[in-house]
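Below: one structure, written as structure tokens.
Below, chains carry the letters A, B, ... as their sequence lines are ordered, and counting in each starts from 1.
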Number of protein chains: 2
Amino acid sequence: MARWQPNARGRLERAAFELFVEQGFQATTVPQIAERAGLSTRTFFRHFADKRDALFAEEHAVPEQAARIIAEAPASLGPLQIVADGFDAVAAAQFSREKSYYIARHRIIQSDDGLRERQLRMPAALVEALRTGFEHRGVDPVDATLAAHLTATVFSVSIGRWLASPSDEPLAALLRDTFDRMRRTASS
Amino acid sequence: MARWQPNARGRLERAAFELFVEQGFQATTVPQIAERAGLSTRTFFRHFADKRDALFAEEHAVPEQAARIIAEAPASLGPLQIVADGFDAVAAAQFSREKSYYIARHRIIQSDDGLRERQLRMPAALVEALRTGFEHRGVDPVDATLAAHLTATVFSVSIGRWLASPSDEPLAALLRDTFDRMRRTASS
DNA sequence: ACAAGTGATGGCATTGCGTGACATCAGAAT
DNA sequence: ATTCTGATGTCACGCAATGCCATCACTTGT
């Protein structure tokens, strides 16, 4: 018989999310989360650097996929061509839960300054992943940085539109549309 | 005779900066900062929300100036035209200390995860200021958001180039150059 | 098969952050 | 002269976060 229940990290994530919904982020303490997950407070901090991190367990997926797409792209393509071609794959692979989950999560994040700040790390990590990916292809450093920022902008704005959209516009379509509008805005 | 020494906030800022340079950010405690400034710990937290904030006292200046420039711009100009025209004024008004100060500050920020995260709030606040400024002029919300992100990108990348530049390229020139390159990158 | 090693966890102690509540008192206001 | 205001000090406290050591099911090596 196993000594511990499986998936400690996942249980902590779930317990944290539930408690944040029920009581709010600030009102829930780490001991509460740990208790609901059947673990000790100390173990929570072995899996997450801080209380906020339990809400951002999946944030590494996007930068990682972006880095993979860039690394595998044909050498002939420029940065923004790779990006435009890669949006469909990203939209298909990420945000695979029910949309209501992401909306509830978004509400929690907006309710707390620390969480809003924490959320900024994902686009920043995406920029970093894109920038190094482009640089490794020989793109000029400044151009790589700019292309990375433009891409992260399209991504962030698209997520915002997706979350705010009352209809069910697919993320892929919003990414393409936002990308086109970004280009038009830039050259206006 | 005055009951308290003047400029408590400024003394706290200065004490914090000195201690961060001398000992590093993590090794410095708030009681240490307060003691050097001749104030109590409690007073520190009346002026700053947390220990990191003492390094970001000036961060409101940029979004505020940006909002002012947009509000006062001729109605005929589009978002990015306003921005291009406003860079000179921003470069003249901001970053007025010795460059070595900003380099030292940058080194401190890079040394700590919490500070790196905290630093992301300025560009985010800038985006927000720009976005609302553009929206108040009647710009479509998505276009306003995109123009705000593009502007913040140019600003952030320019600051990065300025800090990394061994020569003394003026910030205004870097802003103009980065703006042009951003446009070229977007339409590539 | 037995011994030693591994790794995830629990428990405890500790430090420092951040906040609420109340007191103090110079200078301003009336 | 009295009251008010506002920045500060003092004290107490809860919680976040980390270091250290013990535990013990499972794995590895001999």
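Look at A:Asp113 and A:Arg116 and you find a salt bridge, because one of the NZ, NE, NH1 or NH2 atoms lies within 4.0 Å of a carboxylate O, short of that distance. In summary, A:Arg118 and A:Glu59 engage in a salt bridge, as defined by a charged side-chain N under 4.0 Å from a carboxylate O.
The nearest whole Å value for the distance from the CZ atom in A:Arg3 to the C1' atom in D:dA22 is 10 Å. Per the geometry, CG belonging to B:Asn7 stands 13 Å off P belonging to D:dA7, to the nearest Å. Rounded to whole angstrom, the span from the CG atom of A:Leu12 across to the P atom of C:dA8 amounts to 14 Å. Atoms CZ (B:Arg9) and C1' (D:dA7) sit 14 Å apart, rounded to a whole Å. Atom CG of A:Asp112 is separated from atom P of C:dG18 by 13 Å (rounded to the nearest Å). Note: CD (B:Gln5) to C1' (C:dA26) measures 14 Å, nearest angstrom. A straight line from CG of A:Leu115 to P of D:dA16 spans 13 Å, rounded to a whole angstrom.
Considering only side-chain atoms of B:Thr29, the nucleotide from C:dC17, C:dA26, D:dA16 that sits closest is C:dC17.
Contacts between residues 33-57 of chain B and DNA chain D, defined by a heavy-atom separation below 4.0 Å, involve B:Gly38, B:Leu39, B:Ser40, B:Arg42, B:Thr43, B:Arg46, B:His47, listed by number.
Each of B:Gln26 and B:Trp4 was matched to the nucleotide of DNA chain C holding its nearest heavy atom; the match closer to the 5' end belongs to B:Gln26.
Counting only residues at least two apart or in different chains, ring pair (Phe, Tyr, Trp, His ring centres under 6.0 Å) contacts with residues 136-157 of chain B are absent. For residues 101-127 of chain A, the ring pair (Phe, Tyr, Trp, His ring centres under 6.0 Å) pairs, not counting sequence neighbours, are A:Phe17-A:Tyr101, A:Phe95-A:Tyr102, A:Tyr102-A:Trp162.
A donor-acceptor pair is defined here as one N or O able to donate and one able to accept, closer than 3.5 Å; such a pair exists between the side chain of B:Arg105 and the backbone of B:Leu55.
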Subject >> Verdict with supporting geometry, B:Ile82 and B:Arg137, side-chain contact (heavy atoms from CB on, under 4.5 Å) >> reply: CA-CA 12 Å; B:Ile82 302 173; B:Arg137 299 170 65 86; 3.4 Å; yes
